[in-house]
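Below you'll find the structure, written out as structure tokens, and then a few comments.
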Amino acid sequence: MLKQIANNVTFIGIEDTTLDLFEGLYKVPNGVTYNSVVFTDEKAAIMDTADKRVSDEWMTLIKKALKDREPDYLIISHMEPDHSANIENILREYPNIKIVGNAKTFQMLPNFITISVPQEQKIEVKDGEVLDLGEHKLKFIMAPMVHWPEVMMSYDETDKLLFTADAFGRFGKFVTDLDWVDEARRYYFNIVGKYGAQVQKILKAVAPVEVKKIIPLHGPVLESNLTYYRNRLNIWSSYEPEDKGVTIACASIHGNTREYARLLKEELVSMGAKVSLFDLSRCDISEAVESAFRFNKIILMSSTYDADLYPPMKAFLNRLLAKNYQNRGIAFVENGSWAPAAAKKMQEYTDKMANISYYDKVISIRTTVKQSNIEEMTDLINWAKE
């Protein structure tokens, strides 16, 4: 896909619908895109390459966008392989091209390519420095740990374009029936989510800047209602709930704990609550993580297993810890035939999370759901709806 986004600025986006797991971990049933930009100003520049899976298509589009010109610069915003895999191909095709990056970029570069880049072909930029292409002038904004240490953004002062690397990224094809926010939220919390403080810092840095378009490395160019997208990222990176609702995360061995989760969801939905239920043994865990960060309450339900947590719950809580889960209300439901211990074990994880409030009762199921467990549901529902 070639798209003119400003005078002498071409967006190059390639849809990869055959990838099953992004970063070898996250399911992408609607695919993912790899985005680059070509400037054909007084100086010609390529901003970022693409994954090796799409090398041939990407190189064809690059040459088409360059209109047979020799590029002067290759700007590297992010060294992750899905954006840097064609650096070596560019160097072979255009051996005199200058590489633009920051100090950390050049420290990492030898890990990703086998070609040695002469020092005179390296342009090391710092925060606030400008690369003059002619009509377009790119100001560099260092964004370390959003979500790698070498990440930098760029701002085109002429057309008010903000190139944001992995920030504002989204899973899925360019045009999809899915709402932008769902796949953007799943992308953010699973890929960038650990680094909320760094994202907050960069949002403050670009807050005074007029922006007409946001161009991320994954997903569509954002061209209207940019305040909405900025607000989403601000909420996510501050770890505040985005919506009032409940995530029910259930890890069930024989289905009894899952049955209680189903009954609880039905009651909550009947009262108008927003609820997402995840069977952690079967769901895409990245979707459960997304929901946990979206809503203000979470109910953790797990069977006891080897006097510990059932492994799917353990994996889920480890993921939440890794992504800095915080500022939420948590309730526990446990199951155990003779010595239920799941609630205690779950709290060992959640006590490590910041600013957590707890529902003051533990619902303990002994194998099958009893009438007493159903009666206990009333107070839990009232807490969940608050």
Side-chain angles (χ1 to χ4, degrees), residues 1-3 10-39 44-66 70-71 73-102 104-117 121-122 146-154 163-174 176 183 186-187 190-192 215-221 286:
M1 168 184 165
L2 294 179
K3 179 180 180 180
T10 304
F11 173 82
I12 297 175
I14 298 179
E15 295 180 335
D16 185 353
T17 57
T18 64
L19 182 68
D20 59 338
L21 294 174
F22 185 80
E23 292 190 350
L25 192 60
Y26 307 108
K27 294 179 182 178
V28 282
N30 298 291
V32 70
T33 71
Y34 312 113
N35 302 341
S36 304
V37 175
V38 167
F39 298 85
I46 302 166
M47 182 181 287
D48 299 303
T49 72
D51 194 90
K52 64 183 178 181
R53 297 167 56 85
V54 298
S55 293
D56 291 344
E57 181 183 358
W58 181 82
M59 188 62 81
T60 297
L61 292 175
I62 286 292
K63 290 181 177 179
K64 186 174 181 179
L66 285 169
E70 290 272 330
Y73 305 113
L74 171 62
I75 301 163
I76 301 174
S77 305
H78 184 20
M79 282 299 307
E80 198 165 9
D82 53 339
H83 308 299
S84 68
N86 281 279
I87 292 175
E88 193 155 318
N89 288 335
I90 287 293
L91 286 166
R92 294 186 190 282
E93 186 74 20
Y94 306 108
N96 297 316
I97 196 169
K98 290 182 169 62
I99 306 296
V100 180
N102 56 65
K104 290 186 174 65
T105 308
F106 291 116
Q107 288 172 9
M108 296 172 70
L109 189 60
N111 299 333
F112 291 83
I113 64 174
T114 60
I115 296 176
S116 178
V117 181
Q121 286 181 235
K122 298 177 183 178
V146 185
H147 64 125
W148 277 25
E150 85 303 349
V151 172
M152 65 182 188
M153 300 181 181
S154 306
F163 303 93
T164 58
D166 271 349
F168 297 95
R170 190 206 70 182
F171 292 132
K173 298 183 291 185
F174 292 114
T176 174
E183 284 292 71
R186 184 166 75 94
Y187 176 89
N190 287 281
I191 306 300
V192 187
I215 303 94
L217 286 175
H218 295 292
V221 175
S286 71

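Predicted model, so just to flag it, every value in this text is computed and none were measured.
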Tell me every residue that passes ring-ring contact (aromatic ring centres under 6.0 Å, His included) with His78, counting only those two or more places apart in sequence or in another chain.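 Partners of His78 under the ring-ring contact (aromatic ring centres under 6.0 Å, His included) test: His83, His147, Trp148.
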Which residues pass the ring-ring contact (aromatic ring centres under 6.0 Å, His included) test with Tyr34, not counting sequence neighbours? none
Do you know which two heavy atoms are closest between [X] and [Y], and how far apart they sit?
X	Y	result
Leu66	Ala44	CD2-CB, 4.2 Å
Leu2	Lys64	CD1-CD, 3.5 Å
Gln121	Asn96	NE2-C, 3.7 Å
Phe174	Pro220	CD2-CA, 3.9 Å
Ile115	Arg92	CD1-CG, 3.6 Å
Thr49	Trp58	CA-CZ2, 3.3 Å

Trace of the side chain to side chain contact (heavy atoms under 4.5 Å, CB included) decision for Asn35 with Phe163: CA-CA 10 Å; Asn35 302 341; Phe163 303 93; over 6 Å; no
Chi angles and distances behind the side chain to side chain contact (heavy atoms under 4.5 Å, CB included) call for Met79, Ile87: CA-CA 10 Å; Met79 282 299 307; Ile87 292 175; 4.1 Å; yes
If you round to the nearest 0.5 Å, how far is [atom2] of [Y] from [atom1] of [X]?
X	Y	atom1	atom2	answer
Ile191	Tyr26	CD1	OH	4.5 Å
Asn86	Ile113	CG	CD1	12.0 Å
Ser55	Ile90	OG	CD1	10.0 Å
Leu74	Ile46	CG	CD1	6.0 Å
Lys27	Arg186	NZ	CZ	9.5 Å
Glu88	Leu109	CD	CG	9.5 Å

Side-chain heavy-atom pair [X], [Y] within 4.5 angstrom cut-off:
X	Y	answer
Met47	Ile215	no
Glu80	Glu23	yes
Ile76	Glu150	no
Val117	Phe106	no

Tell me, which pairs form a salt bridge (charged side-chain N to carboxylate O under 4.0 Å, His left out) where one or both residues lie in residues 46-57, sequence neighbours left out? Asp16-Arg53
Trace of the side chain to side chain contact (heavy atoms under 4.5 Å, CB included) decision for Tyr187 with Asp166: CA-CA 9 Å; Tyr187 176 89; Asp166 271 349; 3.1 Å; yes
Evaluate side chain to side chain contact (heavy atoms under 4.5 Å, CB included) for Phe11 paired with Met1, printing each intermediate quantity in order. CA-CA 8 Å; Phe11 173 82; Met1 168 184 165; 4.1 Å; yes
